[in-house]
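Reviewing the structure listed below.
Both ligands and their constituent atoms are indexed starting at 1 by order of listing.
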Amino acid sequence: MQKTRYAAAAVAAVAALTLSACGGGGDSSAEASGEAGSETLRIGIKFDQPGLGYDEGGSYSGFDVDVAKYVAGELGVSEDNIEFVEAPSANRENLLSNNQVDMIFATYSITDTRKETVDFAGPYFVAGQDLLVPTDSDITGPEDLEGKNLCSVTGSTSAQKIKDQYPGVQLVEQPGYAECVTAMGGGQIDAVTTDDIILAGLAAQEANAGKFKVVGNTFSEENYGVGLPKGSTDRCEEINEAITKMIDEGAWEDAITNNTEGADYEYNADLNPPTPAPCA
Ligand code: GLU
């Protein structure tokens, strides 16, 4: 049933984009002005990061998904009225700027560079950049990677940090971290780098059992924000209130516990849960 409405909404969204040059202004806020409960939200998430944002045949799971559903609920949007859209690392700013999504919950670090084109609510989680290596590897940090093949993802802070601070490393870029892990399984890659929580989720997948380990030596602080189109101060404030409520009610703790169950991961309790920052 709902699928039909999404499809219709998608067609309408495309039509709105096509027509916007004529001053049609048919964005999602048109739906927002409908009767209570009729608003839909297009939410960008990862589809390939188990425990964070994961698409299993149209069923979406993970911590980002749970925070997104909670926040949507506080904004008056039921789960049935969320359309989850894949938001790969390299596409996030464009998806927001081109009005293809309303908000993004996709392990999306708040950075000054990104703030030039998008707004952020949150943070709602703090992770740290780390390395995933084969179980028998003796790599213990980025200093050990000189001349080695390291895989990361285009458009991520993880790849950028390596380019900026470890130029002697052979960086291989992929569209997603799962592709990096597959390449490491095939022996072409010595290590994969991104946020510790992402690496732990991939390592815990059944197909990877026993093959890889997270080094456990973080070298950055990644503040996960809710990406919003530039100029969303009011919505940012609403979302920050929702995040604060989720934390205060204990739903945040439940979500992080449920979604890291079975993974060898503990969040940094000195940094989590974070306090959302004031909106610009
Ligand atoms: N949190 C980092 C970022 O926003 C790395 C994870 C990702 O690519 O989503 O770039």
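At a heavy-atom distance under 4.0 Å, no atom of Ala127 approaches ligand 1. Heavy atoms from both the backbone and the side chain of Ser156 come within less than 4.0 Å of ligand 1. With a 4.0 Å heavy-atom cut-off, ligand 1 is reached by the side chain of Arg92 but not by its N, CA, C or O. Counting heavy atoms under 4.0 Å from ligand 1, residue Ser109 touches it through both backbone and side chain. Of all the heavy atoms of Val153, none lies under 4.0 Å from any atom of ligand 1, so neither backbone nor side chain is involved. Residue-level proximity to ligand 1 for Gln160 is absent, since no heavy atom of it falls below 4.0 angstrom.
At under 3.5 Å, a nitrogen or oxygen of Ser89, whether backbone or side chain, sits near a nitrogen or oxygen of ligand 1. Polar contact check, Asp195 against ligand 1: a nitrogen or oxygen pair lies under 3.5 Å apart.
Of all atoms in ligand 1, listed by their number and element, those nearer than 4.0 Å to a heavy atom of Thr107 are 1 (N), 2 (C), 3 (C), 4 (O), 6 (C), 7 (C), 9 (O). In summary, the atoms of ligand 1 found under 4.0 Å from a heavy atom of Tyr224, numbered by their order in the structure, are 1 (N). Using a 4.0 Å cut-off to heavy atoms of Ala106, the atoms of ligand 1 that qualify are 9 (O). If you number the atoms of ligand 1 from 1 as listed, the ones under 4.0 Å from a heavy atom of Ser158 come out as 5 (C). Every atom of ligand 1 is numbered from 1 in the order shown, and the set under 4.0 Å from a heavy atom of Thr194 is 5 (C), 6 (C).
Thr194 and Tyr177 are linked by a side-chain donor-acceptor pair at a separation below 3.5 angstrom, with hydrogens and angles left out of the test. Using a 3.5 Å distance cut-off with no hydrogens or angles, the side chains of Glu253 and Tyr267 do pair a donor with an acceptor.
Between the OG1 atom of Thr117 and the NZ atom of Lys230 there is a distance of 7.5 Å, given to the nearest 0.5 Å. From Phe47, atom CZ reaches atom CZ of Phe84 across 9.0 Å, with rounding to the nearest 0.5 Å. Note that the CD1 atom of Ile189 and the CD atom of Glu179 stand 12.0 Å from one another [nearest 0.5 Å].
Residue contacts with ligand 1: Lys161 is excluded, as none of its non-hydrogen atoms falls under 4.0 Å. Residue contact check for ligand 1: Lys46 places a non-hydrogen atom closer than 4.0 Å to it.
Tyr124 pairs in a side-chain contact (heavy atoms from CB on, under 4.5 Å) with only one of the listed residues (Ile247, Asn272, Thr244, Ile243), which is Ile243.
Proximity of Arg114 to Ser109: side-chain heavy atoms (C-beta onward) are separated by under 4.5 Å at one or more points. Counting heavy atoms from C-beta on, the side chains of Leu75 and Leu41 come closer than 4.5 Å.
Taking a cutoff of 4.0 Å between a charged side-chain nitrogen and a carboxylate oxygen, Glu83 and Arg42 do not qualify as a salt bridge. Looking at Glu86 and Lys46, no side-chain N of the basic residue comes within less than 4.0 Å of a carboxylate O on the acidic one, giving no salt bridge.
Closest to atom 2 (C) of ligand 1, if we only count protein heavy atoms, is Thr157 OG1, 3.1 Å.
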